[in-house]
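Shown next, in structure tokens, is the structure this report addresses.
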Amino acid sequence: MIPLQIIREQPQWVIERLAIKNFDAHDIIHQILQFDQQRKSIQFESDEKSAEYKKLTQEIGSLFKSGQANKANAQKEEVSRKKEEIRILQEKHDDILQKLNELLVKLPNIPDERVPPGKGSADNEIVFTEGDIPHLPEDALCHWDLATKYDIISFELGSKVTGAGFPFYKGKGAKLQRSLISFFLDEATKAGYIEYEPPLMVNEDSAFATGQLPDKEGQMYYVALDNLYLIPTAEVPLTNVYREEILKYSDFPVKLCAYSSCFRREAGSYGKDVRGLNRLHQFDKVEIVQLSLPEQSFRILDEMTEHVAHLLRQLKLPFRQVRLCGGDMSFTSALTYDFEVFSAAQQKWLEVSSVSNFTEFQANRMKLRFKDETGKTRLAHTLNGSALALPRIMAALLENNQTLEGIRIPEVLIPYTGFDLIP
RNA sequence: GGAGAGGUGGCAGAGUGGUCGAAUGCGGCGGUCUCGAAAACCGUUGUCCGUCGUAAGAUGGACCGGGGGUUCGAAUCCCCCCCUCUCCGCCA
């Protein structure tokens with residue numbers, strides 16, 4: 001949620017910035033300003049009446065105390081009238097406030113100056129590409145075929161037991177998966193992130209705070225009986241750890257990480273892109289989250305992308321860093337870098353990480369604040385990144401490392417797997 | 001799931017209808033004292049939204065788990081929900 005203050009002070013600027021996200025905010029902003037004015041004047045009126053009302057009730061109190069019950073009773077009628085007036089004003093006020101909030105919630109975060117304009121992924125900017133693209137023989141297999149050949153992942157079993165998009169990992173495939181998780185968590189911990197094991201379901205407030213609700217309601221699995229949502233990413237529970245908190249200046253930076261399964265309905269995704277591990281309903285991910293001082297958040301964003309790049313280097317996967325354009329970035333983000341690895345058999349770049357600075361957008365929703373040096377309460381900034389999402393890493397590892405003898409395991413993972421080859 | 005107890009300021013903890021945003025203690029911050037520190041003493045110490053003000057600040061309103069109700073008046077009484085604790089049941 002964009003702080004109302006910003007909209008009041010520079011509405012035109014907000015409209016211009018949001019245009020980068022292909023969002024026409026003109027009407028909404030004007031309505032917001034109108035409602036804001038109305039709300040304030042109603043509050044002024046209501047506050048004045050409340051003050052009078054309070055005084056009257058206190059007078060009645062002291063009249064009763066001094067035994068002047070008759071006088072007191074005589075005043076009751078006027079108090080009731082006042083009370084009714086206040087009630088009506090309150091109702092109006094709350095009604096406008098609700099409308100105002102409904103509009104505010106519709107506005108996406110303001111994109112940073114570096115965000116390029118554009119409609120979709122074709123307009124993203126490649127920041128750099130790194131690593132050698134392996135040259136596979138003609139008969140190289142895609143990961144879904146390798147999965148079957150080496151009996152390490154079963155999509156059929158997943159379909160039978162649950163449904164499409166819920167694969168089983170098996171034997172060395174399962175071990176490799178677990179090794180990647182451990183490796184990623186160890187790297188995050190080394191980098192100073194505190195490890196959490198979060199709940200896999202969250203309540204409505206949490207889902208709202210990070211921006212999943214009301215916007216992406218249909219993307220989450222919902223447990224109706226208990227009114228809980230399965231998390232689409234550990235970002236949700238992790239960032240919500242600090243919901244409604246006021247941090248001290250010295251608490252920063254706050255760094256958290258977590259491994260979790262992630263659940264996404266992916267309604268509306270079909271076709272080639274969803275083949276194999278490319279797009280799943282349930283997948284594993286290690287997530288890093290930071291809370292930062294506003295002045296430092298973009299520097300921290302760089303620190304986080306560097307962390308991700310370092311992971312990919314260690315896994316010896318060819319990758320590129322991409323700066324998302326306005327049309328491709330998320331509702332909540334101010335600046336996002338994606339990382340894509342090259343999956344050599346599919347001949348495709350696959351997104352394995354998305355690192356974003358949400359500036360004060362999430363913090364505003366969740367009232368995550370801090371006291372600055374002068375003692376003033378301000379909104380913190382929140383950031384997060386995948387470090388990393390497992391399935392596509394797995395896909396690229398299988399495809400890129402296939403040899404006649406089997407799948408080679410990257411060196412950094414061998415201490416975790418205990419084997420260097422899936423034969 | 002059943003029975004009971006309870007949710008008050010950063011923490012502990014008083015407050016059971018009126019002047020309570022809320023005693024007191026601890027902690028935090030500022031000061032006195034000190035070579036310095038501790039102790040002692042003094043002062044200060046919540047959040048949100050208005051109004052006035054460039055600002056510092058002044059001032060009004062709201063908030064005692066959340067929502068609703070009773071009453072001229074509610075932290076205090078009633079109802080619903082959420083959460084915590086104790087006991088019983090069930091169980092990885």
Side-chain angles (χ1 to χ4, degrees), chain A residues 1-10 32-105 197 199-209 213 223-229 237 240-252 254 261 360 362-380:
Chain A
M1 213 156 60
I2 300 173
L4 183 55
Q5 195 57 25
I6 295 179
I7 296 172
R8 279 178 185 158
E9 283 167 5
Q10 29 196 352
I32 286 173
L33 291 174
Q34 248 176 18
F35 283 141
D36 185 42
Q37 274 309 323
Q38 286 176 29
R39 208 216 96 233
K40 286 198 287 191
S41 78
I42 291 173
Q43 188 187 333
F44 183 72
E45 205 181 331
S46 165
D47 282 358
E48 292 218 306
K49 283 214 158 59
S50 294
E52 294 165 17
Y53 168 81
K54 253 170 87 170
K55 205 176 278 171
L56 274 175
T57 60
Q58 280 167 13
E59 275 170 31
I60 291 177
S62 42
L63 284 174
F64 272 123
K65 267 204 174 145
S66 58
Q68 300 173 266
N70 285 345
K71 264 190 174 174
N73 283 319
Q75 293 221 39
K76 282 189 184 178
E77 200 185 321
E78 194 192 339
V79 171
S80 298
R81 209 171 36 240
K82 211 141 237 159
K83 188 185 181 185
E84 179 62 10
E85 286 173 10
I86 292 168
R87 194 189 60 76
I88 289 168
L89 283 171
Q90 260 323 307
E91 226 163 63
K92 247 165 121 181
H93 177 271
D94 293 349
D95 183 52
I96 288 173
L97 183 62
Q98 197 197 327
K99 284 182 184 154
L100 179 66
N101 281 328
E102 276 167 14
L103 290 175
L104 273 174
V105 158
E197 188 178 311
L200 301 181
M201 296 187 209
V202 293
N203 58 31
E204 240 177 284
D205 287 346
S206 297
F208 173 82
L213 289 179
V223 182
L225 201 57
D226 297 290
N227 196 219
L228 295 171
Y229 295 87
N240 270 284
V241 166
Y242 286 92
R243 168 154 52 90
E244 284 153 50
E245 294 286 328
I246 299 180
L247 296 167
K248 286 185 296 226
Y249 192 71
S250 57
D251 289 334
F252 292 98
V254 177
S261 292
E360 55 196 6
Q362 290 181 331
N364 189 219
R365 285 181 162 229
M366 67 172 79
K367 300 182 173 47
L368 164 51
R369 292 155 297 168
F370 73 100
K371 295 252 189 230
D372 70 13
E373 313 102 301
T374 69
K376 212 178 132 202
T377 306
R378 296 171 57 196
L379 291 169

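The analysis underlying the following values was restricted to heavy atoms, covering all of them including side chains, and did not include hydrogens, waters or symmetry mates. Quick note on labels: first sequence line is chain A, next is B, and so on, each numbered from 1.
- The side chain of A51(A) lies closest to G60(B) when the candidates are U51(B), A62(B), G60(B).
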- Query: Taking it one step at a time, do R87(A) and E91(A) satisfy salt bridge (Lys or Arg N to Asp or Glu O under 4.0 Å)?
  - Reply: CA-CA 6 Å; R87(A) 194 189 60 76; E91(A) 226 163 63; 2.8 Å; yes
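- For the pair L89(A) CG and G50(B) C1', the computed distance is 14 Å after rounding to whole Å.
- Residues from residues 362-372 of chain A that place a heavy atom under 4.0 Å from any atom of RNA chain B, listed by number: R369(A), K371(A).
- Contact check, R39(A) against G50(B): a side-chain N or O comes under 4.0 Å of OP1 or OP2.
- Atom name C1', nucleotides C64(B) and A74(B): the rounded distance is 11 Å, in whole Å.
- Put simply, CG on L4(A) is 8 Å from P on G50(B), counting in whole angstrom units.
- Using a 4.0 Å heavy-atom cutoff across all strands shown, R378(A) reaches no nucleic acid atom at all.
- Between the side chain of N240(A) and the main chain of S206(A), a donor-acceptor pair closer than 3.5 Å is present.
- Annotation: U86(B) and C26(B) have their C1' atoms spaced 28 Å apart (nearest Å).
- Nucleotide C26(B) forms a Watson-Crick or G-U wobble pair with G10(B), both donor-acceptor distances falling under 3.5 Å.
- Between R87(A) atom CZ and G61(B) atom P there is a gap of 21 Å when expressed in whole angstrom units.
- For the C1' atoms, the distance linking U70(B) with G1(B) amounts to 33 Å, nearest Å.
- Comparing Q90(A) and Q58(A) by the nucleotide of RNA chain B that holds the closest heavy atom to each, the one mapping nearer the 5' end is Q58(A).
- Checking C49(B), G60(B), U51(B) against the side-chain heavy atoms of K40(A) singles out U51(B) as nearest.
- Across all strands shown, A5(B) forms a Watson-Crick or G-U wobble pair, both distances under 3.5 Å, with U84(B).
- Between G6(B) and U59(B), the distance separating the two C1' atoms is 38 Å to the nearest Å.
- Between E85(A) and R81(A) there is no salt bridge, since none of the side-chain N atoms of the basic residue sits less than 4.0 Å from a carboxylate O of the acidic one.
- At the heavy-atom level, Q75(A) lies nowhere under 4.0 Å from the strands shown.
- Taking the C1' atom of each, C77(B) and G18(B) are spaced 14 Å apart, rounded to whole Å.
- Atoms OH and CG, from Y229(A) and L213(A) in turn, are 4.5 Å apart once rounded to the nearest 0.5 Å.
- A side-chain donor from one of Q43(A) and D47(A) sits under 3.5 Å from a side-chain acceptor of the other.
- Of the two residues near RNA chain B, F44(A) and S50(A), the one whose nearest nucleotide lies more 5' is F44(A).
- Taking 4.0 angstrom as the limit, K83(A) places none of its side-chain polar atoms (N or O) nearer than this to OP1 or OP2 of C72(B).
- Between D251(A) and F370(A), the closest side-chain pair of non-hydrogen atoms is not below 4.5 Å.
- With a cut-off of 3.5 Å on both Watson-Crick or G-U wobble distances, the partner of C35(B) is given as none.
- Atom CD1 of I246(A) is separated from atom P of G9(B) by 13 Å (rounded to the nearest Å).
- Atom CE in M366(A) sits 10.0 Å away from atom CZ in F208(A) (nearest 0.5 Å).
- The number of heavy-atom neighbours closer than 6.0 Å to NZ of K40(A), taken from other residues, nucleotides and ligands shown, is above 12.
- For a distance-only test at 3.5 Å, the side chain of D47(A) fails to qualify as a donor-acceptor partner of the base of G61(B).
- Atom CG in L100(A) sits roughly 15 Å away from atom C1' in C48(B) (whole-Å rounding).
- When both distances must be under 3.5 Å, the Watson-Crick or G-U wobble mate of G89(B) does not exist.
- Spacing between G67(B) and C82(B) at atom P, rounded to whole Å, works out to 15 Å.
- Using a 4.0 Å heavy-atom distance criterion, T377(A) is classed as a sugar-phosphate-only contact.
- To the nearest 0.5 angstrom, L4(A) atom CG is 10.0 Å from E9(A) atom CD.
- In this structure A58(B) sits in a base pair with U51(B), meeting the Watson-Crick or G-U test at under 3.5 Å.
- Remark: the separation of the C1' atoms in C88(B) and G61(B) is 48 Å, to the nearest Å.
- Taking a pair to require two hydrogen-bonding distances under 3.5 Å in either a Watson-Crick or a G-U wobble arrangement, G46(B) pairs with C63(B).
- One C1' atom belongs to U34(B), the other to A23(B), and the distance between them is 34 Å to the nearest Å.
- Summarising the geometry, the separation between CG on D36(A) and P on U51(B) is reported as 9 Å, rounded to the nearest angstrom.
- For the 3.5 Å distance criterion, the side chains of E102(A) and Q98(A) qualify, holding a donor opposite an acceptor.
- Taking atom CZ of residue R243(A) and atom P of nucleotide U47(B), one finds them 20 Å apart after rounding to whole Å.
- Nucleotide U19(B) forms no Watson-Crick or G-U wobble pair with any nucleotide shown, as no partner meets the under 3.5 Å limit on both distances.
- One atom, NZ of K76(A), and another, P of G18(B), lie 15 Å apart when rounded to the nearest Å.
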